[in-house]
Amino acid sequence: MELKVIDLKAYLAVRDKLDGEPSKITEELGPELTRLCEEVARSLREAGAVVVRDPRCSEEENKKFIEMMERYYESPVEYKRPQERPDFHYQVGITPEKVEIPRLMVDEEMQEKVKAMPKESQPATLVGSDLKWRYMWSVGPRPAKTRFKELNGAPVIPENFPGWTETMNSWGYKMIAATEVVAEMAAIGFGLPKDAFTSIMKQAPHLLGPTGSDLKSYGQEGTVLAGYHYDVNFLTIHGRSKFPALNIWVKNGQKVEGSVPEGCLLVQTGKQMEYLTGGDCMAGMHEVVVTEKTTEAIKQALEQNRSLWRVSSTLFAHIASDAVLKPLGHFAESPLASNYPPMYAGEVIKQELAAINLKG
């Protein structure tokens with residue numbers, strides 16, 4: 001299944017004039033834009049992902065962000081360690097390699113599903129914790145009062161790193177803006193009010209979470225950098241990495257290369273989206289594995305004397321920690337809705353993080 005690129009430009013031109021109610025909005029949008037919103041919803045439902053082009057997010061800024069993170073990850077381990085915050089569930093600051101456990105290693109039900117897959121669709125064999133590093137940077141305002149202070153920590157700033165805060169915030173806010181548009185279009189496509197999702201994204205613990213994988217050490221074909229898992233948040237978004245390595249699974253179980261065309265962004269569904277749609281959109285499964293294409297990119301980087309750190313320009317868009325997760329609107333009538341009892345979003349996140357060794 002090939003993911004079609006959805007250009008957000010036409011929707012952005014009219015979004016501020018839209019009423020928001022499902023009965024009026026399709027009339028205001030017209031048939032072409034309504035179909036585009038339905039296409040976003042269909043792609044999230046069937047593939048757990050959608051590729052978008054947002055004119056506000058340039059390829060140049062994606063590259064600038066990645067190059068800054070390359071410089072950070074290339075710094076000595078002793079420099080990076082002080083930014084660890086295990087007491088905040090690693091939801092701010094640095095998570096070193098070999099800390100996070102792939103979901104597949106701790107989820108017996110998932111293991112049984114994987115065994116039943118055709119061989120060509122099965123994820124790579126896991127041998128331990130993830131080899132990636134990850135930096136979590138808080139983006140956007142946090143609530144003054146919350147039941148989940150440890151999920152809403154302040155940003156951690158590395159010492160003596162020029163341009164860090166400005167670059168992180170610039171890319172982070174653009175990524176949030178893009179996910180909000182996707183969330184609006186998906187809501188319209190699902191027949192929900194325009195702000196069904198975005199109204200509960202306000203003051204959420206959004207996290208810019210670029211990963212860093214050292215391909216100088218872990219560049220052998222078949223090496224698993226991030227094992228088979230889903231994301232615990234609402235929507236995950238990222239631009240193109242310099243080193244292709246992402247595999248995603250669509251709803252029918254087919255494994256697809258998660259390639260991102262130049263100038264585009266890949267948006268994937270997380271566990272919170274699964275909750276809000278009563279299982280209609282399942283959290284998208286994915287992995288990051290060194291492939292033949294990765295090794296070709298490594299050779300090219302060596303020839304050009306470029307960094308061998310694979311960086312992802314990823315942002316995790318969340319639902320507010322104190323919002324209650326439950327199937328919305330007509331999704332409450334879904335036959336699977338009973339599998340998603342009302343729970344605070346923060347409680348769901350804490351349970352999920354504990355399962356993958358990010359419990360603090």
Side-chain angles (χ1 to χ4, degrees), residues 4-57 139-141 143 173-206 233-237 265-281 283-284 315-334 337 340 342 345:
K4 181 182 171 185
V5 176
I6 305 289
D7 196 321
L8 306 184
K9 187 176 180 180
Y11 179 81
L12 283 167
V14 301
R15 68 181 297 214
D16 292 335
K17 303 169 190 172
L18 301 174
D19 182 88
E21 285 304 314
S23 57
K24 297 179 183 176
I25 209 158
T26 53
E27 196 175 309
E28 294 171 338
L29 280 174
E32 195 171 326
L33 275 179
T34 299
R35 278 196 299 272
L36 204 63
C37 291
E38 289 169 350
E39 181 69 21
V40 170
R42 185 196 66 79
S43 191
L44 293 176
R45 176 189 290 120
E46 294 180 8
V50 63
V51 177
V52 300
R53 181 177 281 110
D54 188 327
R56 303 168 299 176
C57 306
V139 182
Y173 275 106
K174 286 183 177 181
M175 292 292 92
I176 290 172
T179 60
E180 287 174 343
V181 173
V182 171
E184 281 184 14
M185 293 179 76
I188 293 166
F190 287 134
L192 299 172
K194 170 190 162 190
D195 66 348
F197 300 129
T198 54
S199 62
I200 48 176
M201 291 173 71
K202 291 178 171 63
Q203 295 192 334
H206 305 306
N233 52 297
F234 173 56
L235 290 173
T236 300
I237 183 168
L265 303 162
L266 177 66
V267 183
Q268 295 169 276
T269 53
K271 196 67 177 179
Q272 293 177 333
M273 172 65 96
E274 183 178 322
Y275 240 89
L276 295 169
T277 61
D280 192 51
C281 286
L315 178 127
F316 301 101
H318 278 257
I319 299 302
S321 300
D322 295 272
V324 175
L325 286 182
K326 61 181 179 179
L328 299 177
H330 60 83
F331 290 119
E333 309 304 318
S334 159
Y340 303 93

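Quick caveat: nothing in here was measured; it's all calculated off a predicted structure.
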- Is the shortest heavy-atom distance from the side chain of Val51 to the side chain of Lys4 under 4.5 Å?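 When only atoms from C-beta onward are counted, Lys4 and Val51 do not touch, as no gap falls below 4.5 Å.
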
- Close side-chain approach of Thr277 and Leu44, heavy atoms under 4.5 Å: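 Thr277 vs Leu44: side chains apart.
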
Who are the side-chain contact (heavy atoms from CB on, under 4.5 Å) partners of [X], not counting sequence neighbours?
X	value
Lys17	none
Pro342	Val324, Lys326
Ser334	Leu336, Ala337

- Which pairs pass ring pair (Phe, Tyr, Trp, His ring centres under 6.0 Å) with one or both residues in residues 29-54, sequence neighbours excluded?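 Matches after skipping sequence neighbours: none remain.
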
- Message: For Ala283, is there any backbone N or O sitting under 3.5 Å from a side-chain donor or acceptor partner on Glu274?
- Response: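 It does hold such a pair.
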
- Query: Would you say His206's side chain and His318's backbone share a donor-acceptor pair under 3.5 angstrom?
  - Reply: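 Yes; at least one donor-acceptor contact below 3.5 Å.
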
- Message: Ignoring hydrogens, what is the shortest heavy-atom contact between Ala196 and Leu328? Give both atom names and the distance.
- Response: O-CD1, 3.8 Å

- Note on the structure: Looking only at heavy atoms, the pair that brings Leu29 and Leu33 closest together is O-CB, 3.7 Å

- Message: Which residue in the set Leu266, Val50, Leu265 passes side-chain contact (heavy atoms from CB on, under 4.5 Å) when paired with Ile237?
- Response: Leu265

- Partner of Gln272 by side-chain contact (heavy atoms from CB on, under 4.5 Å), out of Leu235, Ile200, Leu325: Leu325

Quick one: side chains of residues 174-193, donor-acceptor pairs under 3.5 Å with protein atoms, not counting sequence neighbours, listed by atom name and distance.
residue	atom	partner	partner atom	Å
Lys174	NZ	Glu61	OE1	2.6
Thr179	OG1	Ile176	O	2.7
Glu184	OE1	Tyr11	OH	2.6
Glu184	OE1	Arg15	NE	3.4
Glu184	OE2	Arg15	NH2	2.7

- Item | Qualifying residues under salt bridge (charged side-chain N to carboxylate O under 4.0 Å, His left out), relative to Arg56, sequence neighbours excluded |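 Partners of Arg56 by the salt bridge (charged side-chain N to carboxylate O under 4.0 Å, His left out) criterion, ordered by chain and then number, come out as Asp54.
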
- Message: Nearest 0.5 angstrom please: Lys271 NZ to Cys281 SG, how far?
- Response: 12.5 Å

- Item | Sidechain N-carboxylate O distance under 4.0 Å for Lys24, Glu27 |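 Not counted as a salt bridge, because no side-chain N and carboxylate O are separated by less than 4.0 Å.
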
- Between Tyr173 and Val139, is a side chain to side chain contact (heavy atoms under 4.5 Å, CB included) present by the stated rule, with each step listed? CA-CA 7 Å; Tyr173 275 106; Val139 182; 4.1 Å; yes

